[in-house]
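Notes follow once the structure below has been shown.
Proteins get letters first, then strands, A, B, ... in listed order; numbering begins at 1 in each.
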2 protein chains.
Amino acid sequence: MEPGGAARVAENPSGAGAEPPAVREPPIAGRGLRSDARHNRRRIMEAARAAFAERGIDVPMVAIARRAGVGPATLYRRFPTRETLVAEVFADEMAECAGLVDEALADPDPWRAFCTVLTEVCAMQAADKGFTEAFLAAFPDSDGFDERRVHVEHGLDELIRRAKESGRLRADFAREDIVLVLLANGGIVTSDPETTRAASRRLVAHMLRSFESAGGSGELPPVPPIGLGQLYRLPGD
Amino acid sequence: MEPGGAARVAENPSGAGAEPPAVREPPIAGRGLRSDARHNRRRIMEAARAAFAERGIDVPMVAIARRAGVGPATLYRRFPTRETLVAEVFADEMAECAGLVDEALADPDPWRAFCTVLTEVCAMQAADKGFTEAFLAAFPDSDGFDERRVHVEHGLDELIRRAKESGRLRADFAREDIVLVLLANGGIVTSDPETTRAASRRLVAHMLRSFESAGGSGELPPVPPIGLGQLYRLPGD
DNA sequence: CGGCAAACGGATGGTGCTGTCCGTTTGGCG
DNA sequence: CGCCAAACGGACAGCACCATCCGTTTGCCG
């Protein structure tokens, strides 16, 4: 991907090979913090995850701080901006998604794999109001998020390819249809989690029924130019 | 609500029966206002409709006032609360929807009527960010809104009945599926209106394909308990 | 045309959120 | 055990928005 990546170590002025072992500190969250700070960092992330899930990504920072039992200053010290916090919290959920995709890739039945991954990701999303918003927030390449995303995209492409090859998935299915399902699924969040879950299940079932090769009639409208990454919101006044 | 409401007219010291002719003033918008006030009221509603469509229902009141070229006080004098304004603006769009339904009821082809109304309502919704939010806002029975809603519901029920009778609409289609489509469609609003439109069209086409009687497989999950009217949001902290 | 109530809008107090400052507390190392 | 830098959180300034007050303007009726 990046040109000259391997050659760059030669730029190091110290000719000796005694490179400190962790110049590029490993991106392990909260490394080198004091024990209490690490503890608070964890509490903040848990509180943030819960708050985002319940009330969406725009929940006040002070509410997260209160919920975590820390002062606002502590929250801002660990996560200077809201985006930092969202990215961190969402990295976990993104990892879960990636795991689901990888799991599905191991399934010998392509159609079942396809259905499973779509169903489960939507179920996750339905249980978490902030999930979709975080998708749409499109924060800049925050710390490995982009790489994970393309990994997931490639996995999905492979799932789609196999499912089409097996004949169960319609030929006019487009990868953008997955985004379509996710966006649509994000719209059905109601106040009652149980209702949301049921509605999500039914919606996904409808969509899968449309995706499955069968005697449906009529052509689909053209594919909208939606990419997983480039979704932005309206700017302020 | 308030005790003795009707009896209070007896308190009027003038014993004469010269009751003003319009005790229950007819609910015609802006009746009895001075000409400039009526003019401003109209400008406010136009500005509000545009602002709601572009930026959603939570757009600042002062932004609407600025856009209408009036002061904040004037806006609040006409519409004491945001809900008043939303209800008023949305009543218009609700009337459009009702018109679409009535039009469809005149179509001799039940399946085409069903498809048309769903497609067009979703197209309206896709062009207006505030539309869905207003649906979900669930303001109290504001001035004929509820009656209009049940009217639309009955019209939809009739459309569904005919479409099923014609054999084109699956028997396991539920009226709640319409709400499902509307909610889902509300989720696909992106920043670019053209993209939103295309995505909406494709989503609706997928849904219709699932709704149409054909060789789809598998049973649908149970119907979620969603009613057109009782959708609320999470309360504040 | 004169007067007045209706209507107007700039200005203002109140509230909630953001992001930072600073005096105090505490974990961990020597 | 004692020190000190790291960490903490209450308090605070800045800002945006809501909602109202009040002095001024204006439509409209007599």
Subject >> Nucleic acid footprint by protein, nucleotides 23-30 of chain C - heavy-atom cut-off 4.0 Å, B for base, S for sugar-phosphate alone >> reply: ---BSS--
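One atom, CZ of A/Arg77, and another, C1' of D/dG10, lie 12 Å apart when rounded to the nearest Å. Taking atom NE2 on B/His39 and atom C1' on C/dC8, their separation rounds to 14 Å, with Å as the unit. Put simply, CZ on A/Arg67 is 18 Å from P on D/dG9, counting in whole angstrom units. Between the CZ atom of A/Phe79 and the P atom of C/dG19 there is a distance of 15 Å, given to the nearest Å. Nucleotide C/dG19 holds its C1' atom 13 Å from the CD atom of A/Glu83, rounded to whole Å. As rounded to whole Å, 13 Å separates atom P of C/dG10 from atom CG of B/Leu75. Separating the CE atom of A/Met61 from the C1' atom of C/dG16 is a distance of 15 Å, rounded to the nearest angstrom.
Using a 4.0 Å heavy-atom cutoff across all strands shown, B/Val62 reaches sugar-phosphate atoms only and no base atom. As judged by a 4.0 angstrom heavy-atom cut-off over every strand, A/Arg82 is placed among residues touching the sugar-phosphate backbone only.
Side-chain atoms of B/Arg66 and base atoms of C/dG9 include no donor and acceptor less than 3.5 Å apart.
A search for ring-ring contact (aromatic ring centres under 6.0 Å, His included) contacts involving B/Phe131 returns B/Phe90, B/Phe135, not counting sequence neighbours. Listed by chain and number, the residues in a salt bridge (charged side-chain N to carboxylate O under 4.0 Å, His left out) with B/Asp102 amount to none (sequence neighbours excluded). Residues passing the side-chain contact (heavy atoms from CB on, under 4.5 Å) test with A/Asp92, sequence neighbours excluded: A/Met45, A/Arg49. Considering only residues two or more places apart in sequence or on other chains, A/Ala65 meets the side-chain contact (heavy atoms from CB on, under 4.5 Å) condition with A/Val70, A/Leu75. Looking at residues two or more places apart in sequence or on another chain, you find no salt bridge (charged side-chain N to carboxylate O under 4.0 Å, His left out) involving B/Arg82.
When each of A/Pro72 and B/Pro72 is assigned the nucleotide of DNA chain C bearing its nearest heavy atom, the one mapping closer to the 5' terminus is B/Pro72.
Taking only side-chain nitrogens and oxygens, B/Thr74 never comes nearer than 4.0 Å to OP1 or OP2 of C/dA7. Phosphate contact (OP1/OP2 of C/dC8, side-chain N/O of B/Asn40, threshold under 4.0 Å): present.
With D/dA7, C/dC21, D/dA11 as the choices, the nucleotide that has an atom nearest any side-chain atom of A/Ala73 turns out to be C/dC21. Side-chain atoms of A/Tyr76 lie closest to C/dG19 of the nucleotides D/dC18, C/dG19, C/dC17.
Interatomic distance, A/Glu133 CD to A/Asp128 CG, rounded to the nearest 0.5 Å: 9.0 Å.
By the neighbour-count criterion of 12 heavy atoms within 6.0 Å, atom CD of B/Glu96 is densely surrounded, having more than that number from other residues, nucleotides or ligands.
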